[in-house]
> 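Starting off with a structure, shown below.
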Amino acid sequence: MTVHQKRIALLTWVLISALLFVMIAVNFKETMLLNFGEWVQSYLYNFLGSFGDFVFVVITYIGSAYVSFPIMGILICVFLFQKRYWTMLLLVFNLIGVRQLNWLLKTIFERPRPELEHLVQVSSESFPSGHSMNSIAFFGFLAYLLYLKLKASGKPFRWVWTSAVVLIAFISLSRVYLGVHYPLDVIGGILAGGAWLLLSIFLYTYVPKKEHFNRRERGGQKS
């Protein structure tokens, strides 16, 4: 696949993800969906019991700004040292941008939180889930960069995507278990965050080749 074809494919999937998000957004108030969401929450809580409280509080913390911002700060220093200036700017755009987009969407839809007991403190609207949206965009982009690096060096790389999917899935599930989001909030967050991730990957194709993580070493020189 050429770079041009890759860009077209990425933009197509961005639009598809955005369209699916809109479909969720215009139907999240349906009574049947609300009832289904409450059933899922109650089932999860009853199934896991108090053991799930500690586990999911820790997992949901991983998906918070208390973790993502320090990671971004460390990577900014690394990228500056490596002179990957455009990659650094794209990383900042990825995390700051998705958080601002989430704030905007929450402001537009103004969906109240579920009436179930909240096991963690929350302060904003419910739809779409910020943890789900931010996690898939940020951790997904980090996974993409790591995947490129490992693949170029000939090291095993498939575990990267598996680990990213598991982490994002558990962060998203934790928001439902902790009673602070409806399942559709999480699905909406994944779709919106997925679109932002694809947009970030699309923009990465414009990063100068000298900064790419998928350059191979040939005879001690970078191609």
> Are the side chains of Lys149 and Tyr147 in touch, meaning some heavy atoms are under 4.5 Å apart?
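Lys149 vs Tyr147: side chains apart.
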> Within the 4.5 Å heavy-atom criterion, are Phe170 and Val58 side-chain neighbours or not?
no
> Decide yes or no on side chain to side chain contact (heavy atoms under 4.5 Å, CB included) for Phe138 and Arg99, but give the supporting numbers first.
CA-CA 10 Å; Phe138 182 66; Arg99 294 182 67 86; over 6 Å; no
> Take atom CZ in Phe202; do more than 12 heavy atoms of anything else shown fall under 6.0 Å from it?
yes
> If every non-hydrogen atom of Asn102 is compared with every non-hydrogen atom of Pro128, which pair is closest and at what distance?
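Where Asn102 meets Pro128 most closely, the heavy atoms are ND2-O, 3.2 Å.
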> Treat each ILVMFWY residue as a node, draw an edge where side-chain heavy atoms are under 4.5 Å apart, and state whether Phe81 and Leu145 are in one component.
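No, because Phe81 and Leu145 fall into different hydrophobic clusters, even though each may have its own neighbours under 4.5 Å.
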> Is there a continuous path of hydrophobic side-chain contacts, each under 4.5 Å between heavy atoms, that joins Leu105 to Leu15?
no
> Using ring centroids (six-membered ring only for Trp), state whether Phe79 and Trp86 fall under 6.0 Å.
no
> Evaluate the side-chain proximity of Trp159 to Leu146: yes if any heavy-atom separation is below 4.5 Å, no if none is.
yes
> Yes or no on side chain to side chain contact (heavy atoms under 4.5 Å, CB included) for Ser172 and His131, after CA distance, side-chain angles and deciding distance?
CA-CA 7 Å; Ser172 300; His131 275 65; over 6 Å; no
> Looking only at non-hydrogen atoms, find the nearest pair between Gly140 and Leu197 and report the distance.
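Shortest heavy-atom separation between Gly140 and Leu197 comes out as C-CD1, 3.5 Å.
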> For residues Trp196 and Ile136, determine if any side-chain heavy atom of one lies less than 4.5 Å from a side-chain heavy atom of the other.
no
> CG of Leu198 to OH of Tyr144: how many Å apart, nearest 0.5 Å?
10.5 Å
> Hey, could you give me the NZ/CD distance between Lys210 and Gln82, rounded to the nearest 0.5 Å?
13.5 Å
> So, for Phe127 and Phe21, is the gap between ring centers shorter than 6.0 Å?
yes
> Could you grab the distance from atom OG1 of Thr205 to atom CG of Leu203, nearest 0.5 Å is fine?
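If I round to the nearest 0.5 Å, the distance is 7.0 Å.
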> Once rounded to the nearest 0.5 Å, what's the spacing between atom NZ of Lys106 and atom CZ of Arg111?
10.5 Å
> Is any side-chain heavy atom of Ser68 closer than 4.5 Å to a side-chain heavy atom of Asn134?
no
> Quick one: OG on Ser174 to CD1 on Ile59, what's the gap to the nearest 0.5 Å?
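Answer for the OG-CD1 pair, Ser174 versus Ile59, is 6.5 Å.
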> Is it true that a side-chain atom of Lys155 and a backbone atom of Leu150 form a donor plus acceptor pair closer than 3.5 Å?
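Pair absent, no side-chain N/O of Lys155 close to backbone of Leu150.
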> So Leu142 and Leu91, side chain to side chain contact (heavy atoms under 4.5 Å, CB included) or not? Walk me through it.
CA-CA 9 Å; Leu142 296 186; Leu91 178 68; 3.8 Å; yes
> Apply side chain to side chain contact (heavy atoms under 4.5 Å, CB included) to residues Leu148 and His212 and explain how you reach the verdict.
CA-CA 8 Å; Leu148 293 178; His212 281 194; over 6 Å; no
> Looking at every non-hydrogen atom in both residues, tell me the closest pair between Pro183 and Val176 and how far apart they are.
CA-CG2, 4.1 Å
> Does the side chain of Thr60 pick up a donor-acceptor pair with the side chain of Arg175 at under 3.5 Å?
yes
> Is there a chain of hydrophobic side chains (I, L, V, M, F, W, Y, each step under 4.5 Å between heavy atoms) that links Tyr177 to Val55?
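Yes: a chain of side-chain contacts under 4.5 Å links Tyr177 to Val55.
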> Which pair of heavy atoms, one from Gly63 and one from Ile171, lies closest together, and at what distance?
CA-CD1, 3.7 Å
> Side chains of Arg7 and Thr2, heavy atoms from C-beta outward: is any pair under 4.5 Å?
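Of all side-chain heavy-atom pairs linking Thr2 with Arg7, none is under 4.5 Å.
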> Calculate, to the nearest 0.5 Å, the distance between atoms CG and OG belonging to Asp185 and Ser126 respectively.
3.0 Å
> Donor-acceptor check, side chain of Glu211 to backbone of Tyr85, threshold 3.5 angstrom: yes or no?
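Between the backbone of Tyr85 and the side chain of Glu211 there is a qualifying donor-acceptor contact (under 3.5 Å).
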> Where is the tightest heavy-atom contact between Ile24 and Leu191, given as atom of each residue plus distance?
CG1-CD1, 3.9 Å
> Which heavy atom in Leu199 sits nearest to a heavy atom in Phe93, and how many Å separate them?
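Scanning both residues completely, I find the closest heavy atoms to be CD2-CZ, 4.3 Å.
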> Tell me, do Ile71 and Phe139 make a side-chain contact under 4.5 Å, heavy atoms counted?
yes
> Whether the side chain of Trp13 engages the backbone of Ala195 through a donor-acceptor N/O pair (distance < 3.5 Å, no angle test) should be reported.
no
> With clusters defined by side-chain heavy atoms of hydrophobic residues (ILVMFWY) lying less than 4.5 Å apart, directly or transitively, does Tyr206 cluster with Leu90?
yes
> Check whether any side-chain heavy atom of Leu75 lies under 4.5 Å from a side-chain heavy atom of Thr87, and answer yes or no.
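No. Closest side-chain heavy atoms not under 4.5 Å.
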> Give a yes or no on whether Phe69 and Met133 share a hydrophobic cluster (residues Ile, Leu, Val, Met, Phe, Trp, Tyr; joining criterion: side-chain heavy atoms under 4.5 Å apart).
yes
> Taking atom CH2 of Trp161 as the centre, does the number of heavy atoms from other residues, nucleotides or ligands within less than 6.0 Å exceed 12?
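Result for CH2/Trp161: enclosed.
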